[in-house]
Enquirer: 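Here you go, one structure.
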Amino acid sequence: MYTIHQMSKAQVTFMKVGAEDTLPEAIAFARNYHGLKKPDVTVTVELENTAVPVASFSTRRIMGDFTKQIWGGRKGDDAIYFDEERFDATLHILSMPYKDVIRIRDNNDSSDVIGQAHVQWDGPHEVQLVDSMCDFFGVSRLAELSQDHFNFVVECRQAEIQAQQRTVGAENVQHAPDYHLMQFFCTECAVALQ
């Protein structure tokens, strides 16, 4: 048995909205759930009583917060708040290999690289992404995100990812993700993601 849950805006509550006997039935229910017509919603499909999603649909975006800092203080070696900028990292993250995605940590090289691909800043900085990623995938922490769940979300967003990659290629942007070809099999079809 699979249960379908809707996650509230701030991941405060999970509301059970349905149950189906098979995964394809649960995915069909979730894909057509009326709550996905609203912004900032994630609907997850879970194996009953596990609280760990095997698939999800989201109208959310993975938004990062890039905190710009400048060197200051008495000795000039303190990073001092200067400004903040939000950026959309959804397609960047979905274009990354799974093993790199689950290793992302806030205020770490793993998140800094993503922030620097979206925000022009050469000084000290901090980047926060993980909470937004968890909300997007419908998990409490990235360690709960399985390879199959990640692949499912990537497949659902395939057209959007390919359109962005074509745009990036056409504009010849320096910071475009450069990932190797990875293949995976999902329940509905085999997809090659560039």
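Values below: all heavy atoms of this structure, side chains included; hydrogens, waters and symmetry mates excluded. Quick note: residue numbers are just sequence positions, from 1. Values in this document were obtained by computation on a predicted structure and should not be read as measured data.
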Enquirer: Is Met7 close to Ser58 at the side-chain level, that is, under 4.5 Å between some pair of heavy atoms?
Expert: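 Of all side-chain heavy-atom pairs linking Met7 with Ser58, none is under 4.5 Å.
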
Enquirer: How many angstroms lie between atom CZ of Phe150 and atom CD1 of Ile93, to the nearest 0.5 angstrom?
Expert: 8.5 Å

Enquirer: Going only through I, L, V, M, F, W and Y residues with side-chain contacts under 4.5 Å, is there a path from Val41 to Met63?
Expert: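 Each belongs to a different hydrophobic cluster.
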
Enquirer: Between Arg31 and Phe152, which heavy-atom pair has the shortest distance, and what is it?
Expert: NH2-CZ, 4.2 Å

Enquirer: Thinking salt bridges, do Glu85 and Lys68 make one under a 4.0 Å N-O criterion?
Expert: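 Lys68 and Glu85: salt-bridged.
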
Enquirer: Quick one: pull up CD1 in Ile114 and CZ in Phe66 and give me the separation to the nearest 0.5 Å.
Expert: 12.0 Å

Enquirer: Once rounded to the nearest 0.5 Å, what's the spacing between atom CG of Leu129 and atom CD1 of Ile104?
Expert: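 Here the interatomic distance stands at 6.5 Å.
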
Enquirer: Between Asp148 and Ser146, do the side chains contain an N or O donor and an N or O acceptor separated by less than 3.5 Å?
Expert: no

Enquirer: Under a 3.5 Å distance rule, please check whether Asp100 uses its side chain to pair with a backbone N or O of Met96 as donor and acceptor.
Expert: no

Enquirer: Can Asp135 and Thr42 be said to form a side chain to side chain contact (heavy atoms under 4.5 Å, CB included), step by step?
Expert: CA-CA 7 Å; Asp135 289 348; Thr42 298; 5.6 Å; no

Enquirer: Find out whether Gln6 and Tyr33 are in side-chain contact, i.e. whether some heavy atom of one side chain is under 4.5 Å from a heavy atom of the other.
Expert: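 Yes. Closest side-chain heavy atoms under 4.5 Å.
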
Enquirer: Is there a side-chain contact between Phe137 and His149, using heavy atoms and a 4.5 Å cut-off?
Expert: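 Counting from C-beta outward, Phe137 and His149 do come under 4.5 Å.
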
Enquirer: Any chain of hydrophobic side-chain contacts (each under 4.5 Å) joining Leu47 to Ile4?
Expert: yes

Enquirer: Show the nearest heavy-atom pair for residues Ile80 and Gly73, with the distance to one decimal.
Expert: CD1-N, 3.5 Å

Enquirer: Answer yes or no: does atom CZ of Phe82 have more than 12 heavy-atom neighbours from other residues, nucleotides or ligands under 6.0 Å?
Expert: no

Enquirer: Can you name the nearest heavy-atom pair linking Ser140 to Cys134, along with the distance?
Expert: O-SG, 3.8 Å

Enquirer: With a 3.5 Å distance limit and no angle check, can you tell me whether Ser111 reaches the backbone of Arg105 through a side-chain donor-acceptor pair?
Expert: yes

Enquirer: Compare all side-chain heavy atoms of His5 with those of Val43 and state whether any distance is below 4.5 angstrom.
Expert: no

Enquirer: If you count heavy atoms of other groups shown closer than 6.0 angstrom to CG of Asp77, is the number above 12?
Expert: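 Buried by this count: over 12 neighbours within 6.0 Å.
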
Enquirer: Between Phe29 and Phe57, is the ring-ring contact (aromatic ring centres under 6.0 Å, His included) condition met? List the steps.
Expert: CA-CA 11 Å; Phe29 179 97; Phe57 297 91; over 10 Å; no

Enquirer: Is it true that Val113 and Ile102 fall in one hydrophobic cluster, defined by side-chain heavy atoms closer than 4.5 Å?
Expert: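 Cluster IDs for Val113 and Ile102 differ.
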
Enquirer: Rounded to the nearest 0.5 Å, how far does NE2 of His125 lie from CD1 of Ile70?
Expert: 15.0 Å

Enquirer: Starting from the C-alpha separation in whole Å, work towards a yes-or-no answer on side chain to side chain contact (heavy atoms under 4.5 Å, CB included) for His118 and Asp88.
Expert: CA-CA 8 Å; His118 293 85; Asp88 184 345; 6.0 Å; no

Enquirer: For Asn151 and Gln147, test the side chains for any donor-to-acceptor distance below 3.5 angstrom and give the result as yes or no.
Expert: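 Side-chain D/A pair, Asn151 to Gln147: present.
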
Enquirer: Set out, in order, the CA-CA distance, both residues' side-chain angles and the distance that settles side chain to side chain contact (heavy atoms under 4.5 Å, CB included) for Val101 and Leu145, then state yes or no.
Expert: CA-CA 9 Å; Val101 170; Leu145 179 63; 4.3 Å; yes

Enquirer: Answer yes if Val17 and Leu23 sit in the same cluster of Ile, Leu, Val, Met, Phe, Trp and Tyr residues linked by side chain heavy atoms under 4.5 Å apart, and no otherwise.
Expert: yes

Enquirer: With a 4.5 Å cut-off on side-chain heavy atoms, are Phe87 and Val127 touching?
Expert: yes

Enquirer: Could you state the interatomic distance from CD (Glu46) to NZ (Lys16), rounded to the nearest 0.5 Å?
Expert: 10.0 Å

Enquirer: Are the side chain of Thr90 and the backbone of Ile62 linked by a donor-acceptor contact shorter than 3.5 Å?
Expert: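 Here the side-chain-to-backbone pair exists.
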
Enquirer: Quick check for you: to the nearest 0.5 Å, what is the distance between Met1 atom CE and Glu25 atom CD?
Expert: 9.5 Å

Enquirer: Which heavy-atom pair separates His92 from Ala117 by the least distance, and what is that distance?
Expert: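 Scanning both residues completely, I find the closest heavy atoms to be CE1-CB, 3.7 Å.
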
Enquirer: According to side chain to side chain donor-acceptor pair (under 3.5 Å), who are the partners of Asn108, at least two apart in sequence or on a separate chain?
Expert: Ser110

Enquirer: Any non-hydrogen side-chain atom of Tyr2 less than 4.5 Å from a side-chain atom of Thr50?
Expert: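 The answer is no, as the side chains (C-beta and beyond) never meet within the 4.5 Å cut-off.
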
Enquirer: Tell me if a side-chain donor or acceptor on Thr44 pairs with a main-chain N or O of Ser56 at a distance below 3.5 Å.
Expert: no

